[in-house]
Peer 1: 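Here it is, the structure in full.
Because only heavy atoms are used, hydrogens play no part in the values below, and waters and symmetry mates are left out as well, while side chains stay in. We count ligands from 1, going down the list as the structure has it; atoms in each ligand are counted the same way.
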Amino acid sequence: MFNIKFLDLQKQKKSIQKQLDTNIKTVLEHSKFIMGPEVQELEKKLKNISNVKYAVSCASGTDALILSMLALNIGKGDIVFCPSFTFPATAEAILITGAIPIFIDVSKETFNICYKELEKEIEKSLKKKLKPKAIVAVDLFGLPANYKRLNQIAKKYHLSLIADAAQSYGAMYNSKKVGSLSKITCTSFFPAKPLGCYGDGGAVFTDDLGIKEKLESLRAHGKGKEKYQIVEMGLNSRLDTIQAAILLAKLEIFNWENMERDRLAKIYSSEISNNFKKPIMLSNTSSVWAQYTIQSIKREKVINFLNEKNIPTMIYYPVPMHRQPAYRKFFKGDQGGSLKNSDYLSDHVFSIPIHAYLSELEQEYIIEKINEAEKTFL
Ligand SMILES: *Cc1c(COP(=O)(O)O)cnc(C)c1O
């Protein structure tokens, strides 16, 4: 039978084994483990892929968010808006800086922040004399958020727009590359992301020289121009040279992998029964398919059925941020309202395998079993 993997990093590794071995060995030989030449080489490649002036690497996607907020002087008492249906790091990074998150509902079609709800909440916070400072947009599952609207709203209310592109590096929005869609963009190289290393890693993208210089200072304890001169309160958050070397090898197959996942996604979307709600496809905007996520009112039954047939599934994310024990105190729900789409999605989504090493027969088997589950339970 099949041995279907949710994600197959082993097969990926085999396909670039030689380059990985060479790149890692080079680092061991020169032993510049922190800020070695591979880090600059990678940053140069990343900025070219994103078509931006600067890429600053760092220790994780979470740190990329924290560094960005520090670089924008976001801190105590500031309000930062973010979607509720996301990975916890989006909210955590806001709280770490001392700022207060306001959770915004998402669209059921795109899984991304709803700009209409966002604008309503900005107006409300202004009426309450709060200090709105920034918006964090998340490109969930690899699909860029609505940057046209979000940039307009950010401009109208004088807010900074931070893009959390941890899941969307390599994607396009209105024919522009992720990394170039807002003032500042963060990504993650966690192993399971579209571009992953063999540990933690991240990067920040910007066209602003001042922000770039501040990020470079902040990731190294807030250093100034002279040695041991500290000009800001910073972090220790550099990308290890060995991880940069691994990413350089992964970049060789990055485009091909993205194209493969896109091909698989199109097959899923045309062949999976319409009784499941499938992800939206937009023109001029591409997803890198960090996940292929469908919705079902019979989720538990369907995933049990699939798991019994040896098809792995995941639930991203079972709890929205406004219901997390650590964050829910920031969600007042004062109008008796709720974030109904975020709640709905947390109860109904599940993700199925989508990776470049999934074979045609494996994908056919997955589709067959999903459609069988539909006949049995829906
Ligand atoms: C993975 C992820 C992060 C955090 O990245 P790490 O590298 O794991 O710290 C932040 N936001 C989103 C949306 C993510 O998916």
Peer 1: Answer yes when Arg219 and Glu43 have at least one side-chain N-carboxylate O distance shorter than 4.0 Å, and no when they do not.
Peer 2: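 Yes, charged N to carboxylate O under 4.0 Å.
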Peer 1: May I ask you to decide whether Glu117 forms a salt bridge with Lys120, counting only side-chain N to carboxylate O separations under 4.0 Å?
Peer 2: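 Lys120 and Glu117: salt-bridged.
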Peer 1: When the ring planes of Phe141 and Phe111 are compared, do they come out parallel, tilted or perpendicular, using 30° and 60° as the limits?
Peer 2: perpendicular
Peer 1: Give the ring-plane orientation class for Tyr268 versus Tyr292, where under 30° counts as parallel, over 60° as perpendicular and anything between as tilted.
Peer 2: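 Tyr268 and Tyr292: tilted rings.
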Peer 1: Check ligand 1 for N or O atoms under 3.5 Å from a protein N or O and list each pair with its distance.
Peer 2:
unit_1, atom_1, unit_2, atom_2, d
ligand 1, 5 (O), Ser188, OG, 3.3
ligand 1, 7 (O), Gly61, N, 2.7
ligand 1, 7 (O), Ser188, OG, 2.6
ligand 1, 9 (O), Gly61, N, 3.4
ligand 1, 9 (O), Thr62, N, 2.8
ligand 1, 9 (O), Thr62, OG1, 2.5
ligand 1, 11 (N), Asp164, OD1, 3.2
ligand 1, 11 (N), Asp164, OD2, 2.7
ligand 1, 15 (O), Gln167, NE2, 2.7
ligand 1, 15 (O), Lys193, NZ, 2.7

Peer 1: Please give me the minimum heavy-atom distance between Lys53 and Lys47, naming the atom from each residue.
Peer 2: O-CD, 3.0 Å
Peer 1: Can you establish whether the number of heavy atoms outside Lys277 located under 6.0 Å from its atom NZ is more than 12?
Peer 2: yes
